[in-house]
Amino acid sequence: MIRDITIGQYYPVDSILHRLDPRVKLIGTIIYIFSLFMFQNYYGYILAVLFLVCIIKVSQVPFRFIVRGLKAVLVLMLFTVMFNLFLTPGTEVFRMGFIKITREGIETAVLMGLRLVFLILGSSLMTFTTTPNHLTDGLESVMWPLRKIKVPVHEISMMMSIALRFIPILMEETDKIMKAQMARGADFESGGLIKRAKSLIPLLVPLFVSAFRRANDLAMAMEARCYRGGEGRTKMKPLKYATRDMLAYLVLILYVAAIFVLNSLA
Amino acid sequence: MREKSVLKTILGVWNTKTVVVIAIGAALFGVLMNFGGITIFTNTKLTTAMIIPVIVGAMFGPVPAFVACLAGNTIADLIGGWGYWFDWSIGNGVLGFIVGLLPLYGAKINDGIFKIHHAVIYVITCVIGNAFAFGVITPLFTTLFYGGELEVTFVQSLTGGIANTLVLTIIGIPILIAFAKRNARNTNLTLEEKE
Amino acid sequence: MGMIKAENLIFEYIRRDEEGNVESINRAIDNVNIEVNKGDFVAILGHNGSGKSTMAKHINAILTPTEGTVWVNGMNTKEENKIWDIRQTAGMVFQNPDNQIIATVVEEDVGFGAENLGIPTEEIWKRVEESLKAVGMLEYRKHSPNKLSGGQKQRVAIAGIMAMKPECIVLDEPTAMLDPIGRKEVIQTIHELNKREKVTVLLITHYMEEVIHADKVIVMDRGKVVMHGTPREIFSKVEELKQYRLAVPQVTELAYELRKEGLEIPKGILNIEELVEAISRIA
Amino acid sequence: MLMVVDKLNYIYSPGNAYEKHALKDINLVIEERDFIGLIGHTGSGKSTLTQHLNGLMRGTSGTIYYKGEDIYDKNFNMKGLRSKVGLVFQYPEHQLFETTVYKDVSFGPKNLGLDQLEVDLRTYDAVKMVGLSDDLLDTSPFELSGGQKRRVAIAGVLAMKPEVLILDEPTAGLDPKGRDEILEQIARLHKDNNITIILVSHSMEDVAKYANRLVVMNKGEIVYNDTPHEVFTHYKELEKIGLAAPQVTYVMNELKSRGFSVNTSATTVEEAKVSILRALRKSL
Ligand SMILES: Nc1ncnc2c1ncn2[C@@H]1O[C@H](COP(=O)(O)OP(=O)(O)OP(=O)(O)O)[C@@H](O)[C@H]1O
Ligand SMILES: Nc1ncnc2c1ncn2[C@@H]1O[C@H](COP(=O)(O)OP(=O)(O)OP(=O)(O)O)[C@@H](O)[C@H]1O
Ligand SMILES: [Mg+2]
Ligand SMILES: [Mg+2]
């Protein structure tokens with residue numbers, strides 16, 4: 001189960017969206033998320049839905065895969081909706097005992113719910129169509145100017161790629177240590193909260209010790225290969241924009257323009 | 001060695017090893033967040049991941065702990081596929097910073113020093129850290145980023161904070177003791193094995 | 001001309017307490033003198049904790065001597081401004097293949113060292129291809145390292161060093177975590193690099209069979225070099241080796257036992273053919 | 001018949017792109033006091049099989065009987081089985097976690113819910129069985145040498161008083177003397193304490209020297225299950241599945257082909273020596 005988990009839910013097909021430069025997708029996602037907060041009326045949401053549906057179609061990722069991400073935060077969403085529904089003051093439309101629902105409540109609840117759904121769909125679409133490596137490269141490149149204000153951009157992206165490489169290894173390790181302790185009668189499942197928490201110590205100590213041993217080894221191996229930070233480093237696979245990326249930027253500009261037009265409608 | 005300035009202690013030591021430790025710490029954070037916890041509530045688990053910033057902080061200082069936590073939460077979101085929740089990432093980062101303050105009050109795990117009064121201070125920082133991170137920081141950023149309703153975040157924060165405090169004390173202290181003991185005298189991986 | 005030279009090398013792991021006072025000293029290397037010539041294949045044997053890894057780390061300037069000097073291709077490892085040249089000259093492969101692969105794609109990992117050296121992109125691609133070919137892993141270039149076997153991962157690690165064009169490779173128990181087939185693959189790869197690319201090799205191992213084709217064997221015991229010579233010279237001293245917690249390959253052991261029984265079998269038999277020859281000659 | 005494995009199958013991530021049929025119709029009988037050497041190429045399923053034997057993994061189909069009881073039966077005491085079939089993983093010292101050797105070794109017995117006296121007794125016994133001295137009990141396991149750590153880890157499993165002890169490559173990373181010491185220790189446990197041993201190893205020389213029976217796995221199947229002598233006569237077939245025979249077996253076969261009347265099933269130095277000497281005396 002553990003060896004080959006697809007981190008970040010990357011869905012391997014060869015669509016235009018997959019081939020886009022990661023920088024475009026990152027910037028696009030950010031713009032999309034911002035747009036969700038910029039709408040001042042329902043037209044905006046219709047635009048957001050249309051835009052997202054088109055992009056999902058282009059991405060060739062099956063819809064059910066994308067929706068799966070929503071399940072994980074279903075409870076949170078319900079809560080948000082409930083809170084807004086019951087607790088927003090305003091014109092009353094329905095009352096049963098102490099529960100009352102207001103017009104404003106319904107409006108904000110729907111708004112909140114939609115916003116949350118699009119937020120998740122939008123950002124997970126990026127992870128569905130971009131390999132974690134590409135994402136890291138894109139991130140590094142997009143954040144590069146921040147180096148001027150002393151943000152260690154190179155280090156951050158190096159961290160991300162090492163982390164990605166070690167996730168499956170650490171998962172396997174967790175599994176192995178757990179089994180080794182179970183073979184000695186450890187029980188991770190039964191008992192109260194405190195007992196269960198305590199039972200994790202035999203798992204965690206070896207896990208941390210091994211993680212630090214790995215970190216030590218890896219740091220040494222990197223320095224032995226002349227790693228000394230981002231200074232003077234060349235890239236094996238530098239990012240290059242293609243025509244399709246320019247077109248994608250154009251689409252984004254049109255989308256932003258549409259937002260402003262719609263907002264001025266109301 | 002004693003009079004390392006406070007600022008230096010806060011910033012921590014930065015070299016290749018720090019980068020790697022944070023990276024692996026963050027990866028482990030992501031793994032534990034997804035698989036090593038007991039779920040109580042969405043976004044709220046009795047998760048063991050929070051121990052990582054404590055250890056990173058103990059060894060490298062609070063700023064590395066902050067980064068490990070922030071990156072770890074982002075990676076957890078990445079693995080989980082439930083969208084990105086930077087409000088929580090930042091909250092976790094801040095908590096990581098506060099619980100990672102260990103070297104500042106003299107609990108030097110690297111040198112095997114972790115006494116009772118350190119444990120007491122540690123528990124206090126855990127409580128304050130959780131209250132501050134999830135009572136102030138996360139709700140602040142929730143409204144800022146997502147325009148969410150504060151009540152929801154508060155309920156979540158409360159449960160999250162209590163669960164975190166529980167984990168940080170019940171599991172955190174024994175682990176800190178174990179690590180301190182491990183580091184107390186580790187020169188002698190001596191070879192002589194008497195039969 | 002010497003590739004590596006250690007002169008009166010002493011290294012101590014020093015442990016300090018809270019106040020910075022010395023609490024204990026562990027002399028891991030105790031007055032070692034060795035010289036390795038360009039193009040040599042040298043093996044280092046020794047019990048757990050005898051100082052092999054500590055020695056290896058000196059060659060890559062990860063550690064610097066407490067006393068004495070280490071020269072790598074004429075460069076003193078104590079000179080800070082030479083450190084990157086030294087690391088480029090003497091590459092290092094470690095025990096655990098998982099803990100030295102950085103990237104999530106094979107070819108990117110092989111290119112990592114070359115990127116650090118600031119080599120132009122096209123040149124990196126060329127080198128990556130060459131080194132992957134040299135270790136026989138070219139067809140796996142797009143794979144994820146997680147899906148490779150231990151022996152394959154270790155060969156990728158070697159390719160990563162090769163792409164930096166080192167003149168010398170130090171391998172610290174590269175086969176410890178592998179199965180017999182993986183072990184064979186790695187040892188073969190190293191021998192080929194030594195022969196074809198004339199890379200100087202320093203191999204640390206606990207497996208006696210792996211050193212029989214080396215040019216020279218060095219035996220360490222508690223931080224000191226206690227034996228050195230050709231594999232044949234070393235393995236003809238069965239009793240002495242056992243004293244240092246080491247052993248000999250099974251054929252050598254058999255030859256030694258037969259010799260003890262009074263058969264006329266030469267000392268230091270290293271492989272099956274030699275033993276069979278020797279026995280045939282008696283009958 | 002201590003354990004019977006009956007048509008056991010195991011499939012990793014069934015129905016998914018990474019599906020892997022790791023155990024295929026495994027049938028195996030383990031007798032009391034057996035010393036089994038379990039060999040096979042990497043990924044042949046050795047670890048998967050051993051984890052089934054003590055109930056850590058559950059077969060996709062087929063079953064295992066322990067002393068006649070079906071371990072997949074609802075009423076079977078699985079926790080009891082884990083204490084009866086002790087499993088020592090590869091690099092077991094990486095799983096140590098307590099602050100003292102004593103606490104670490106007693107972790108298992110404590111989990112069994114024994115009283116303090118019994119826990120103490122078992123801990124001392126186990127530590128003695130692996131040949132560690134008592135004064136190490138209060139030290140931190142992290143302060144020990146590699147070989148000592150390995151012993152502490154093995155003691156931790158022995159303290160559960162297992163009837164069967166499974167060791168997955170117990171000598172990895174140790175120097176030759178350390179390897180011999182650990183293996184001798186295991187052989188002693190087998191002889192003096194009547195523990196059934198299953199030794200997973202990549203060293204043909206080692207299994208030839210200690211095991212009374214070899215189980216050879218290839219791609220999830222058992223291909224040989226016989227005495228070492230018998231198994232190693234098939235050295236050509238073994239090579240095809242990524243294994244080999246001990247070096248002396250090759251020597252003996254080579255001598256035989258040159259007309260010496262030596263015993264080609266010799267697998268240890270001692271056997272080979274005796275046989276060669278006899279053959280030479282005859283020919284003189
Ligand atoms: N980081 C360290 N701090 C303190 N002592 C150390 C450290 N690393 C090694 N030592 C000690 O130095 C000595 C030599 O260790 P080294 O690792 O060089 O041995 P080795 O020959 O490589 O052993 P092995 O075969 O187990 O790998 C040992 O006594 C060991 O305990
Ligand atoms: N968690 C897992 N998920 C998917 N496949 C797995 C998993 N664990 C093992 N496998 C596969 O099952 C097969 C048997 O693996 P196993 O670990 O039992 O082999 P082994 O004989 O113990 O090998 P080794 O000598 O390397 O320890 C291998 O092909 C392996 O890739
Ligand atoms: Mg070593
Ligand atoms: Mg295995």
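Computed from heavy atoms alone, side chains included, the values below leave out hydrogens, waters and symmetry copies. Below, chains carry the letters A, B, ... as their sequence lines are ordered, and counting in each starts from 1.
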If you draw a 6.0 Å radius around [atom1] in [X], do more than 12 non-hydrogen atoms from other residues or ligands fall strictly inside?
{"X": "Phe63(A)", "atom1": "CZ", "value": "no"}
{"X": "Glu231(A)", "atom1": "CD", "value": "no"}
{"X": "His94(D)", "atom1": "NE2", "value": "yes"}
{"X": "Ile16(A)", "atom1": "CD1", "value": "no"}

Side chain, backbone, both or neither of Gln51(D) within contact of chain A (heavy atoms, under 4.5 Å): side chain
Where does Leu112(D) contact chain A at under 4.5 Å (heavy atoms): side chain, backbone, both or neither? neither
Answer yes when Arg82(D) and Asp187(A) have at least one side-chain N-carboxylate O distance shorter than 4.0 Å, and no when they do not. no
Sorted by number, residues from residues 40-49 of chain D in contact with chain A (heavy atoms, under 4.5 Å): none
Chain A contacts: which residues in residues 53-67 of chain D have a non-hydrogen atom closer than 4.5 Å to it? Asn54(D), Leu56(D), Met57(D)
Scored by heavy-atom pairs under 4.5 Å with chain D, the best of Ala183(A), Ala186(A), Pro202(A), Ser210(A) is Pro202(A)
What closest approach, in Å, do Pro206(A) and Gln95(D) show between heavy atoms, and which atom pair accounts for it? CG-O, 3.6 Å
Please report the interatomic distance NZ(Lys176(A)) to CZ(Phe89(D)), rounded to the nearest 0.5 Å. 8.5 Å
Does some side-chain heavy atom of Arg184(A) sit less than 4.5 Å from a side-chain heavy atom of Asp104(D)? yes
